[in-house]
Protein chains: 2
Amino acid sequence: MSVTIKDIAKLANVSHTTVSRALNDSPLINQETKERIQQLAANLNYTPNYSAKSLVLDRSYNLGLFFSTLHTGTSAGFLYEAVKGVNDVIQDQYNLIVRGIDDYKSFQKINRKSFDGIMVMSQSSSDQPFIEYVTERDIPLVVLNRQIDAIPVMNLIPDDLRGAFRVVEYLINQGHRDIAIIEGKENFKSTQARREGYMEAMNQYNVTVREEYKVQGNYDVESGYAAMARLLTLDLTPTAVFCCNDEMALGAIKAINEKQLSVPGDISVVGFDDQLFSAFVTPALTTVRRPIEEISREGAAKLLTFIENKQVDKETIFIRTELIIRDSVKTIAGGA
Amino acid sequence: MSVTIKDIAKLANVSHTTVSRALNDSPLINQETKERIQQLAANLNYTPNYSAKSLVLDRSYNLGLFFSTLHTGTSAGFLYEAVKGVNDVIQDQYNLIVRGIDDYKSFQKINRKSFDGIMVMSQSSSDQPFIEYVTERDIPLVVLNRQIDAIPVMNLIPDDLRGAFRVVEYLINQGHRDIAIIEGKENFKSTQARREGYMEAMNQYNVTVREEYKVQGNYDVESGYAAMARLLTLDLTPTAVFCCNDEMALGAIKAINEKQLSVPGDISVVGFDDQLFSAFVTPALTTVRRPIEEISREGAAKLLTFIENKQVDKETIFIRTELIIRDSVKTIAGGA
DNA sequence: ATGTTCGTTGTTAACGTGTGCAGCTGTATG
DNA sequence: CATACAGCTGCACACGTTAACAACGAACAT
């Protein structure tokens, strides 16, 4: 079948231990025999059996990247950037296992022996049990994107609050006062942070917040469409709308257009996330870039050092968001 | 440390062999002791060591999902649908390892011992060496999305040609005759198939194909924008444009709008792929749905049966595409 | 000459699991 | 009563690798 170190040992007239040492660059071996054996192994197309290695070294070479779910609420761009960010860091030293938490009926397969480390791209409190499960089993863990406060974990999250603040501040600076908000999915922490950013900006600039301008969405396009449709039935329609993500902004724009109104002519719209498509819709969307790729990259790097140092410091790191100004906001009377 | 079958054996006063049999539902064991041991194992929170299992059973429980690259040319929606489709099928029996082929400096880690099976989501002939490597090592393999003819493999691909044919046929039926094509990335097989579909439709309906109406793109938004800009400099501008994917269609629409022209008022635009956003841009995009999720699901299912039956039949299966009619095409004089 | 050390190699056990074979007990069969 | 056989259990080994320890010769110091 496939060639093992014992096969090599026979051919080289040494013990399999010597072969092992040669292939692992051990200092406990003569330079010449080392090279001879390495050469031989290469000729034979030897590849180590990682199951055997794993068993004795107690390392699986597996890293897990878990999403709350892969079915709804996870946007394609989100998955993409996360996978990309992690991939860039881990080289070919590790296997990257990508799954939705809700794909597991039981967490039996999730244990120290099967995973050297785990990254949770968390999007809702529904994965709290999973996070606790992983913590209890002392598996090196990094939680990305969503803030965890119930238990101490290594936590990398976007600065949603400041991002929302800045984009609403921008609207105010452009002269807007009647500013609505289409909120994200309920009990997502990001929903709360972005709402707070909105509120803080409004308060800081002494702009009144009308209760009827705060409408619920759930982060998908249809919900943005529906929410905007509701806003358009109000007596006093807003001049600007802060949509808590870009997909809802798309839906909102569609609703506005269908009423024969234009963006930004009649109503200005801003989003959040800076999806791939956001630059190319008409009008190009002003939004906040959420640094998922950076977060993933940073998170993967942190995880690797944890694994190597066998020691985890548990802190919360905010990764800076960025205001992306495009064409979906109109400057009106009183604006800068 | 963690509990093993030997620990359980001691507590149950049996040999570890008996425990192994109990946990594997072997028929060679008394029903009562089996249940007693299973109960005990559950109480102790026993989880099997998969490295050890792998070693003796010669199965890694790993499935690979490989993309040509994760850096450019792979759209987010593509990754998303693929991962989703596969995930739905493999339950929690397997680990799903997602990587870009170009993440590997050497293929050393890719071998029978480390992967029970491999799916390649192929997008360019650049991954031909990888496919051959996997084939040579007798790893159960399924190639998705791109047609492979050099060597026999299990191959599931979208019927791009017929999809392109139908959308161009649709344009012709709406009265268009001056139909341009913005092509995809060079030497992608899909680029070629879609071009052929275009050509076949044009020929079948006796519509002349102007050479200057065939422009190169590379599947990203910017290239669609640039290509459309070029088309707009022609003396006789086309009345309709077939963009070989939706992202390029977005770019094209933007270019058209910037010339103060409207879609579909002045120029009709169709795409290919039916991305998530395509339904919500303005105007909603008429396009062809490429069934990536179905392909992935089917492919994963095929792969699993291969692994279980230890025998692979190598055929090419076309998965049907679907014409999605929305608002980006205008019916003009002579159209139905 | 004897002991010490160094460099290199081999012997052996270990990791946790599955399995061929032998052994044991009890029951059915002749 | 002897034999066969079914049902269940355990012994011992295997999978491919690493590592603690022992062994050995050579070089070196005393």
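What's counted below: heavy atoms across the whole structure, side chains too, no hydrogens, waters or symmetry copies. All chains are named by letter (A, B, ...) in the order of the sequence lines, taking the proteins before the strands, and each is independently numbered beginning at 1.
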Nucleotide of [options] approaching [X] most closely (side-chain heavy atoms):
X	options	value
V14(B)	dT9(C), dT17(C), dG10(D)	dG10(D)
K53(A)	dT8(C), dT18(D), dG10(D)	dT18(D)
S15(B)	dT17(D), dC11(D), dC21(D)	dC11(D)
T4(B)	dG16(C), dT9(D), dT17(D)	dG16(C)
L28(A)	dG10(D), dT9(D), dT8(C)	dT8(C)

R21(A)-S26(A) side chain donor-acceptor pair, cut-off 3.5 Å: no

Between E35(A) and Q39(A): side-chain donor-acceptor atoms closer than 3.5 Å: no

For atom [atom1] of [X] and atom [atom2] of [N], their distance in whole Å:
X	N	atom1	atom2	value
L23(A)	dG16(D)	CG	P	15 Å
K6(A)	dT12(C)	NZ	P	13 Å
N49(A)	dT17(C)	CG	P	17 Å
D25(B)	dC8(D)	CG	P	14 Å
D58(B)	dG16(C)	CG	P	20 Å
Q31(A)	dT8(C)	CD	C1'	13 Å
L57(A)	dG16(D)	CG	C1'	11 Å
N24(B)	dT9(D)	CG	P	15 Å

Please classify the nucleic acid contact of [X] as base, sugar-phosphate, or nothing, using heavy-atom distances under 4.0 Å.
X	answer
L55(A)	base
S51(B)	nothing
Y50(A)	nothing
S54(B)	nothing

S122(A) and N145(A): CA distance, side-chain angles, deciding distance, side chain to side chain donor-acceptor pair (under 3.5 Å) verdict: CA-CA 6 Å; S122(A) 178; N145(A) 191 55; over 6 Å; no

N/O (side chain, Y46(B)) to phosphate O (OP1/OP2, dT17(C)) under 4.0 Å: yes

Position toward the 5' end of DNA chain D (nearest nucleotide), A52(B) or T18(B): T18(B)

Closest-nucleotide ordering on DNA chain D, the 5'-leading residue of P27(B) and K113(B): P27(B)

N-O pairing of K34(A) and D25(A) below 4.0 Å: yes

Geometric class of the Y133(A)/F107(A) ring pair [parallel <30°, tilted 30-60°, perpendicular >60°]: perpendicular

No-H, no-angle donor-acceptor pair, T17(A) side chain to dT11(C) base, under 3.5 Å: yes

Polar side-chain contact H16(A)-dT11(C) base: donor and acceptor under 3.5 Å: no

